[in-house]
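Quick note on labels: first sequence line is chain A, next is B, and so on, each numbered from 1.
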Amino acid sequence: MNEPLPTLREEVVAIVKIIPEGRLMTYGQIAALAGHPRAARIVGGIAHYGDPKLPWQRVVNKKGYLANGYPGGRVGHQQALASEGIEAIDFRVPIERLIWWPSKS
DNA sequence: CGAGTGACCGCAA
DNA sequence: ATTGCGGCCACTC
């Protein structure tokens, strides 16, 4: 069996799955960890077409603003974050202190 | 099968 | 400081 090449989708999905609760990551960051620093767009595409069971709610853009394409809109996203203890102010979260780096634990 | 879209990011002028 | 554009891969129709 040949080893399944770790595609961006597989890597992104794996990273999103390991994001601890109460922590946030940016699309560009996940894309960079997957080996494609300029493929932030693809992460968004995967989020839309990928597994809805993944904690995409912990994934936001680098500005800290919530995703407009999230099921339910930014409101649904904000409530999902609030459910994990993350306070979203005006559809924006203090990403600067909630950002999480897998290599830094 | 071909083409377009997608929840983004960074840089240039 | 702001605005506009390109770039990347995967998925769906």
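Expressed to the nearest 0.5 Å, how far CD1 of Ile30(A) lies from CG of Leu8(A) amounts to 10.5 Å. If you take CD1 on Ile95(A) and NZ on Lys62(A), they are separated by 8.0 Å, rounding to the nearest 0.5 Å. Remark: Asn61(A) CG to Leu24(A) CG distance equals 10.5 Å, nearest 0.5 Å.
Rounded to whole Å, the distance from NE2 on His48(A) to C1' on dT5(B) is 9 Å. Per the geometry, CG belonging to Leu33(A) stands 18 Å off P belonging to dC8(B), to the nearest Å. Atom CE in Met25(A) sits roughly 16 Å away from atom P in dC8(B) (whole-Å rounding).
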Gln57(A) and Ile86(A): CA distance, side-chain angles, deciding distance, side chain to side chain contact (heavy atoms under 4.5 Å, CB included) verdict: CA-CA 10 Å; Gln57(A) 53 220 44; Ile86(A) 300 174; over 6 Å; no
Worked check of side chain to side chain contact (heavy atoms under 4.5 Å, CB included) between His36(A) and Ile42(A): CA-CA 9 Å; His36(A) 290 264; Ile42(A) 294 73; over 6 Å; no
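Remark: the backbone N or O of Ile19(A) is paired with a side-chain donor or acceptor of Arg58(A) at under 3.5 angstrom. Counting only distance, with no hydrogens or angles, the side chain of Glu84(A) and the backbone of Glu21(A) share no donor-acceptor pair below 3.5 Å.
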Collect all protein-nucleotide pairs involving nucleotides 7-11 of chain C in which both atoms are nitrogen or oxygen and the distance is under 3.5 Å.
residue, atom, partner, partner atom, Å
dG7(C), O6, Arg41(A), NE, 3.3
dC11(C), OP1, Arg9(A), NE, 2.5

Tabulate atom names and distances for all N/O pairs under 3.5 angstrom spanning the protein and nucleotides 10-13 of chain B.
residue, atom, partner, partner atom, Å
dG10(B), OP1, Lys62(A), NZ, 3.4

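For Tyr27(A) against dA7(B), a side-chain-to-base donor-acceptor contact under 3.5 Å is present.
Residue pairs satisfying the ring pair (Phe, Tyr, Trp, His ring centres under 6.0 Å) criterion with at least one member in residues 53-94 of chain A, sequence neighbours excluded, are listed as follows: Tyr70(A)-His77(A).
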